[in-house]
There are 2 protein chains.
Amino acid sequence: MNIDRNSAIVNMNTREKILETAERLFAERGFEATSLRHITTEAGVNLAAVNYHFGSKEGLLREVLKNRIVPMNESRQILLEKSRFQSQDGVVSLERIYEAFLRPFFNIGAPGGDSNGLFLRMLGRISSEKPGFMKGLYQEHFKEIQELFVAAIGEAQPELSREEIHWKFHFALSLMLGSMIQRQRLKFSSNGYCDPDDIEGLIQHLIEFICAGFRSAGQPKSNFKFAGIQP
Amino acid sequence: MNIDRNSAIVNMNTREKILETAERLFAERGFEATSLRHITTEAGVNLAAVNYHFGSKEGLLREVLKNRIVPMNESRQILLEKSRFQSQDGVVSLERIYEAFLRPFFNIGAPGGDSNGLFLRMLGRISSEKPGFMKGLYQEHFKEIQELFVAAIGEAQPELSREEIHWKFHFALSLMLGSMIQRQRLKFSSNGYCDPDDIEGLIQHLIEFICAGFRSAGQPKSNFKFAGIQP
DNA sequence: GTCTATATGGGGATAGAC
DNA sequence: GTCTATCCCCATATAGAC
């Protein structure tokens with residue numbers, strides 16, 4: 001039943017044990033730095049089982065990611081539809097759109113107890129470690145959901161050009177991943193002013209920051225004269 | 001004289017050859033995934049030279065980063081001081097502050113011809129690969145420059161609380177790194193609407209997005225009622 | 001400072017018995 | 001499906017000759 005992902009790893013079958021342990025170790029140490037031997041030892045299974053069940057180390061990674069990403073994107077879609085249903089005219093506000101986009105991302109570990117956001121750090125890390133791999137992942141898992149959200153943003157901010165929407169969407173996505181990857185830095189760089197473990201606060205600050213960015217003029221070249229300083 | 005970093009690697013001494021090649025390979029493939037053998041083979045030097053000159057693989061990494069970061073931060077400080085001097089009352093606008101902060105970051109490779117931003121991808125990657133290592137790097141190289149810029153932001157936006165400034169500074173930093181790490185994604189995710197190789201456009205869009213975030217209310221909890229949707 | 005040679009330990013993957 | 005045993009590759013680091 002998989003009630004508590006952190007306990008009773010004994011009661012899982014070999015395949016599940018490997019997935020469970022691999023996810024944790026990939027997140028903690030990175031993909032390259034984690035060996036199959038390390039995974040199988042911690043999981044208490046045989047080394048050869050990985051290749052039997054997943055074909056290769058990369059096959060294992062693909063499965064680990066898929067198990068998290070698919071429910072996350074389903075959740076995003078449901079939240080967006082719910083907000084659209086609750087709206088007056090079918091146009092969802094930017095805040096609601098990004099709440100639907102961000103919340104499942106930060107809850108991706110729940111209810112598995114991934115309160116440290118290890119999985120999210122892994123996702124960000126993989127995206128910089130293996131760009132080719134991520135491109136495939138994008139085509140398979142993120143293309144559709146992105147089109148859905150880009151369309152919703154276009155309805156919420158109809159004055160934005162397609163180019164502007166894509167720039168800003170890219171920034172929002174980069175910020176979401178970056179702020180999670182870099183989250184531990186906030187601990188020692190804010191001199192105690194901010195608590196990086198306050199996920200709810202993080203989400204709210206992020207929504208505010210992102211929506212402000214989407215509402216900005218969108219014409220920086222004409223609105224703002226750059227100094228043209230040479231470094 | 002080091003006129004062109006990409007040519008005449010033959011004319012460099014062993015230490016420089018190693019630094020040159022290591023920087024490129026760390027950036028292209030990541031730290032863990034790059035072997036000393038690979039570096040020394042491409043550089044055309046002996047394997048043992050790395051340990052002789054840098055003590056260890058991590059010592060080599062430290063030196064590679066230092067060679068880029070120190071000039072970058074000097075450049076940031078100079079740009080900020082120049083903008084302060086040019087201002088009427090010593091208060092620099094947010095746009096100028098972030099231009100001074102961002103431009104040396106994106107020009108970090110120049111005039112070395114790092115037009116692909118490989119070094120920046122490496123920096124972001126290392127920060128997720130080796131958090132402990134980055135903490136040391138932060139203390140050594142980034143603490144001072146951050147305090148300088150946080151102070152300038154506090155003067156430009158005096159109504160922001162310390163907590164808000166640190167959140168937003170963290171976001172801006174995460175976005176800067178994230179947008180560089182994820183830059184290649186923009187190629188295939190924007191359907192051709194945006195050109196990720198247009199660094200000048202990237203800088204201008206970033207400044208606009210970040211400054212809008214800094215000018216947003218700063219009190220999301222009271223200004224915006226969250227839906228409280230459960231995923 | 002630079003080389004060869006090697007110590008020492010790990011890596012992913014697989015063949016074949018059970 | 002799971003195991004043992006092993007192939008073959010690569011890693012970092014160092015000792016010691018030149």
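First the proteins, then the strands, lettered A, B, ... as listed; each starts at 1.
- In this entry the distance linking NZ of Lys57(A) with P of dC9(D) reads 19 Å, nearest Å.
- A straight line from CG of Asn51(A) to P of dG11(C) spans 14 Å, rounded to a whole angstrom.
- In this model, the phosphate group of dG10(C) is not approached by any side-chain N or O of Ser35(A) to a distance below 4.0 Å at OP1 or OP2.
- In this structure, Tyr98(A) and Phe169(A) have tilted ring planes: the angle between them lies in the 30° to 60° band.
- Side-chain nitrogen and oxygen atoms of Asn46(A) include none within less than 4.0 Å of the OP1 or OP2 phosphate oxygen of dT2(D).
- Regarding Leu47(B), its CG atom lies at a distance of 15 Å from the P atom of dA7(C), rounded to whole Å.
- Here the C1' atom of nucleotide dT4(D) and the CZ atom of Arg37(A) are 13 Å apart, to the nearest Å.
- dA15(D) atom P lies 15 Å from atom OH of Tyr52(B), rounded to whole Å.
- In terms of phosphate contacts, His38(B) brings no side-chain nitrogen or oxygen within less than 4.0 Å of OP1 or OP2 of dA11(D).
- In this structure, the CG atom of Asn13(A) is 7 Å from the P atom of dT2(D), given to the nearest Å.
- Crowding of Glu147(A) atom CD: a count of heavy atoms from other residues, nucleotides or ligands under 6.0 Å exceeding 12.
- Residue Ala49(B) is classed as having no contact, given no heavy-atom separation below 4.0 Å to the nucleic acid.
- The residues Glu42(A) and Lys17(A) are annotated as not salt-bridged, no charged nitrogen and carboxylate oxygen being separated by less than 4.0 angstrom.
- Rounded to an integer number of Å, the gap from CZ of Arg29(B) to P of dC10(D) is 12 Å.
- Each of Ala33(A) and His53(B) has a nearest nucleotide on DNA chain C; the 5'-most of these lies closest to His53(B).
- Among the nucleotides dT14(C), dT2(D), dA13(D), the one closest to the side chain of Ala48(A) is dT14(C).
- Residue contacts for Thr34(B): at a heavy-atom cut-off of 4.0 Å it reaches the sugar-phosphate backbone alone, with no base atom in range.
- A cation-pi arrangement is present between Lys57(A) and Phe31(A), with the terminal nitrogen or guanidinium carbon under 6.0 Å from the aromatic centre and inside a 45° cone about the axis.
- The interatomic distance linking Glu58(A) (CD) with dG11(C) (C1') rounds to 16 Å, in whole Å.
- In this structure, Thr14(B) reaches the dT2(C) phosphate: one of its side-chain N or O atoms is under 4.0 Å from OP1 or OP2.
- Arg62(B) has a carboxylate O that lies under 4.0 Å from a charged side-chain N of Glu58(B), or vice versa, which qualifies the two as a salt bridge.
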